[in-house]
Asker: 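This structure is in structure tokens; I'll ask about it shortly.
Naming convention: chains lettered A, B, ... in sequence-line order (proteins, then strands); numbering from 1 in each chain.
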Amino acid sequence: MSHLTENLNPPQFAAVTLPAQHALILAGAGSGKTRVLTTRIAWLIQSSLVSPQGVLAVTFTNKAAKEMLTRLTAMLPINTRGMWIGTFHGLCNRLLRAHHRDANLPQLFQILDSADQLSAIKRLLKALNVDDEKFPPRDLQHFINACKEEGLRPAAVEAWDDFTRKRVALYQEYENQCQREGVVDFAELLLRTYELLERNEPVRAHYQQRFRHILVDEFQDTNTLQYRWLKLLAGGGASVFAVGDDDQSIYAFRGANVGNMRDFEREFHVENVVRLEQNYRSHGNILDAANAIIKHNPDRLGKNLWTDAGAGEPIRVYSALTDLDEARFIVDEIRALVNEGASRSEVALLYRSNAQSRVLEHALFSAGMPYRVYGGLRFFERQEIKHALGYMRLMANPDDDTAFLRVVNFPTRGIGARSLEALQDAARTGGSSLYLAVPAVGGKAGASVGAFVSLIEKLKSACEGLSLPEMVEQVVEQSGLRAHYLADREGEDRLANLAELVNAAANFVSESEEPTLSNFLTHASLEAGEHQAEASTEAVQLMTVHAAKGLEFDVVFLSGLEEGLFPHENSITDPKGLQEERRLMYVAITRARQRLYLSLAQSRMLHGQTRYNLISRFVDEIPEGLTKWLTPKRGEMGFGDYYAPAEPAPRAVPRASTSRAVEGLRVGQAVEHAKFGQGVIVAAEGGGSDARVQVNFGRQGVKWLALSIAKLTPVA
DNA sequence: AATCCGTCTATTTTT
DNA sequence: TAGACGGATT
């Protein structure tokens, strides 16, 4: 009974062994959060405080859910079958399948991923003849998802102007279309489940009584609907064990509401708040820097990370002249580290936005340094995979117009726009799906479209009694996909991916309890799959800071630490946005175990223009004693010690057209202004008494100043 | 049906 | 700068 809690530190132990009451666990970065969560479940079960059936554990990603399950099976000798451990969406799916009638859904409803949803919306707009300039599909998609995430059906959305009224009407049309086609989007999974529980008293009572302990991971990332969903499920007296870190809330832009943590504490009358502040990951200097930065945020729930691992190395700061120099510095440094025996896979290269990876990748590539970029296209999102799945979706559900349109003419089989128009007319008249409207279409169009239906029917009978992987093979073969990519001289990779899809199906069969076609399709939508096949293992890891959340590395390079990039310019004027940027910085820093590099470029190419940025305020927020500058600090350069990069002169920095010298000042020159402080000249125009320069003062903004009026003193 | 070309846009992203 | 997209061209 005791070995579970062995080696837990006091707060961890306290959290794991809390009585059956609501609890809020503030788990700092690297504080053993997953361990506490899983040990809590194991402890509850082992102490007979709950049966496995009484546990509901929710995560955001499949990866986290899988991790939890793996650890749990290692801790407990029981099988985890009866346990509900999964993502919000996965659990909702499970619930809706079990109660599809009560939820007014077909048993084999399909799940639309974001791309499917977007194409469904585009199709809707076209069918309704809506001007997609006025109502861009993407905006509408966001609008619809935002409404659903607030728990609002069209009738409940307040619309005070024509524009909003129209959007709400389109939202309603979209709902009708989805219902007609038997498909649900991601947000719908949650909303539909919420409504099911809310309106159906027997179903609600059943689950409220069943789940005695509800555990939530990454609570700071929950949105409004998820919070209400939890509240509803816990309404029967369950204890909610919420684990989260308000300082790592970095997904507000997609609906996450950190306020849920405070609301939870208040509305659930939480008396057990446990802080996990001992960090087992990073050295002291790194934690001190993270603490110092995050202290600049007001309204925190409050937490201070500490370690007994010792201060470790200082944080290295490098100010490069250009983005190219920055990349070269990083590559040189990594090469040196690797020569000293570091493992490339333990080196991470982080950046705020994806666009920044290009220069870095180029430098790594030229140096022959293996690297891996996270966050590309995922397996089930590749077009050839989507095509193959499109056929399978149509086989499972003839009402799925999205799937129909995706594959009806791919590979091309002479079904053009006019045939489809005729078909769409027929479908509209008959109030049916495209597939079922086919018999109603005559003439040439009817023939070509009819042939397609025959193909699907033929596939269906050919697949009868086959296993999933065999079905995939049949589909790839008979649909003509294989022949198509075989004929395409760039189709080699796609064919390989289709072969991989057969493997994926085989894996699914061996792992799934009920490997039906429909379940496989659900799996494909809900778990889009690893970003890429594990490329060569010994590679430097490149990713955005967002993608790095939850990961850790011996060495971290954090690049592009410039005002406008990080914090990003779109967030700089909004206090909330700036605070989220700061939390992002906090996440970035706490990824490093032993060594942390911060780098920036004084000028960089962005959107085809050279930009001159000031050093990020976040670097300034780190106490001096924690850092070691590898280059002279801006503003501290004397005449003699201009920093010369290791290579000869840096490549000519591309100049903006207005960069000619004006009154002794030039573009790129750092200047001081009495009121605005330090800035960098980014453009200049006019001459003589008209001369004006544009100066980027960072947090004070970018200003045009007339040299005849403003006093600007060159710095450094 | 495939290709070409001009236009537009440019945080972060899981399910 | 570069990529994605849509419309027009062949």
Asker: Got a sec, which residues hit salt bridge (charged side-chain N to carboxylate O under 4.0 Å, His left out) with A:Arg611, two or more places apart in sequence or on another chain?
Answerer: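 Applying salt bridge (charged side-chain N to carboxylate O under 4.0 Å, His left out) to A:Arg611 gives A:Glu569.
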Asker: Examine B:dT15: is either OP1 or OP2 under 4.0 Å from a nitrogen or oxygen in the side chain of A:Arg378? Give yes or no.
Answerer: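 Yes, such a contact exists.
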Asker: Charged N to carboxylate O under 4.0 angstrom, A:Glu421 versus A:Lys126?
Answerer: no
Asker: Restricting to ring pair (Phe, Tyr, Trp, His ring centres under 6.0 Å), what partner residues turn up for A:Tyr586, sequence neighbours left out?
Answerer: none
Asker: For a quick check of understanding: with a heavy-atom distance under 4.0 Å over all strands, which category does A:Asn62 fall into, base, sugar-phosphate or nothing?
Answerer: sugar-phosphate
Asker: Given B:dA10, B:dT15, B:dA1, which nucleotide is nearest the side-chain atoms of A:Asn409?
Answerer: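 Nearest listed nucleotide: B:dA1.
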Asker: Expressed in angstrom and rounded to an integer, what is the separation of A:Tyr351 atom OH from B:dT11 atom P?
Answerer: 15 Å
Asker: In chain order, what residues pass the salt bridge (charged side-chain N to carboxylate O under 4.0 Å, His left out) check against A:Glu149, with sequence neighbours excluded?
Answerer: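 A:Glu149 satisfies salt bridge (charged side-chain N to carboxylate O under 4.0 Å, His left out) with no residue once adjacent residues are dropped.
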Asker: Is A:Asp221 touching bases, backbone alone, or none of the nucleic acid, heavy atoms closer than 4.0 Å?
Answerer: nothing
Asker: Using atom CD of A:Gln579 as one end and atom C1' of B:dT12 as the other, report the distance to the nearest whole Å.
Answerer: 17 Å
Asker: Could you say whether A:Glu381 or A:Leu584 is positioned toward the 5' end of DNA chain B, judged by the nucleotide with the nearest heavy atom to each?
Answerer: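 Its nearest nucleotide being more 5', the pick is A:Leu584.
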Asker: Below the 4.0 Å mark, does B:dA10 have OP1 or OP2 next to a side-chain nitrogen or oxygen of A:Ser353?
Answerer: no
Asker: Counting only side-chain heavy atoms from C-beta out, which of B:dT13, B:dT11, B:dT15 sits nearest to A:Thr61?
Answerer: B:dT15
Asker: If you go through the side-chain atoms of A:Ser114, does one of them form a donor-acceptor pair with the base of B:dT15 closer than 3.5 Å?
Answerer: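 Yes, the side chain and the base share a sub-3.5 Å donor-acceptor pair.
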Asker: Along DNA chain C, 5' to 3', what are the outermost nucleotides having an atom less than 4.0 Å from a heavy atom of chain A?
Answerer: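 On DNA chain C, the outermost contacted nucleotides are C:dT1 to C:dA2.
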Asker: Heavy atoms under 4.0 Å, any strand shown: does A:Gly414 hit a base, just sugar-phosphate, or nothing?
Answerer: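 Sugar-phosphate contact only - A:Gly414 comes under 4.0 Å of backbone atoms but never of a base.
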Asker: For B:dT12, does the O4'-C1'-N9-C4 (purine) or O4'-C1'-N1-C2 (pyrimidine) torsion place it in syn, i.e. within 90° of 0, or in anti?
Answerer: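 Anti, since the glycosidic angle lies more than 90° from 0.
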Asker: At under 4.0 Å between heavy atoms, what does A:Gln356 touch on the DNA or RNA strands: base, sugar-phosphate, or nothing?
Answerer: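 Nothing: the residue A:Gln356, judged by heavy atoms under 4.0 Å, touches no strand.
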Asker: Is the phosphate of B:dT13, meaning OP1 or OP2, less than 4.0 Å from a side-chain N or O of A:Asn354?
Answerer: yes
Asker: For a quick check of understanding: with a heavy-atom distance under 4.0 Å over all strands, which category does A:Asn145 fall into, base, sugar-phosphate or nothing?
Answerer: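 Here A:Asn145 touches no strand at all.
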Asker: List for me each residue that meets salt bridge (charged side-chain N to carboxylate O under 4.0 Å, His left out) alongside A:Arg153, sequence neighbours excluded, and say none if there are none.
Answerer: A:Glu175, A:Glu188, A:Glu195
Asker: Taking the six-membered ring for Trp, are the ring centroids of A:Phe452 and A:Phe404 within less than 6.0 Å of each other?
Answerer: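 Judged by ring-centre distance (under 6.0 Å), A:Phe452 and A:Phe404 do meet the cut-off.
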Asker: With sequence neighbours excluded, tell me which residues meet salt bridge (charged side-chain N to carboxylate O under 4.0 Å, His left out) with A:Asp323.
Answerer: none
Asker: Quick test of the criterion, 5.5 Å between centres and less than 30° between planes. Is A:His89 stacked on B:dT15 or not?
Answerer: no
Asker: Can you tell me if CD on A:Glu492 sees more than 12 non-hydrogen neighbours from other groups inside 6.0 Å?
Answerer: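 Not more than 12 within 6.0 Å, no.
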Asker: Which part of the nucleic acid does A:Ser571 contact within heavy-atom distance under 4.0 Å: base, sugar-phosphate only, or nothing?
Answerer: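 Base: the residue A:Ser571, judged by heavy atoms under 4.0 Å, touches a nucleobase.
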Asker: Under 4.0 Å from any atom of DNA chain B, heavy atoms only: list the residues of residues 248-256 of chain A that qualify, in numerical order.
Answerer: A:Tyr251, A:Phe253, A:Arg254
Asker: Would you mind writing out the side-chain donor-acceptor pairs for residues 406-418 of chain A within the sub-3.5 Å range, not counting sequence neighbours?
Answerer:
| unit_1 | atom_1 | unit_2 | atom_2 | d |
| --- | --- | --- | --- | --- |
| A:Asn409 | OD1 | A:Arg413 | N | 2.7 |
| A:Asn409 | OD1 | A:Gly414 | N | 3.4 |
| A:Asn409 | OD1 | A:Ile415 | N | 3.3 |
| A:Asn409 | ND2 | A:Ile415 | O | 3.0 |
| A:Arg413 | NH1 | A:Tyr391 | OH | 3.2 |
| A:Arg413 | NH1 | A:Val407 | O | 2.9 |
| A:Arg413 | NH1 | A:Val408 | O | 3.0 |
| A:Arg413 | NH2 | A:Tyr391 | OH | 2.9 |
| A:Arg413 | NH2 | A:Ser479 | O | 3.0 |

Asker: Would you mind telling me which of B:dT15, B:dA10, B:dT12 lies closest to the side-chain atoms of A:Phe186?
Answerer: B:dT15
Asker: Sorted by first residue and then second, give each side-chain hydrogen bond (donor to acceptor under 3.5 Å, both in side chains) pair with at least one member in residues 128-138 of chain A; sequence neighbours left out.
Answerer: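 As it turns out, there is no side-chain hydrogen bond (donor to acceptor under 3.5 Å, both in side chains) pair with a partner in residues 128-138 of chain A once direct neighbours are skipped.
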Asker: Go nucleotide by nucleotide along DNA chain B from the 5' end; which of A:Arg352 and A:Leu526 gets its closest nucleotide reached first?
Answerer: A:Arg352
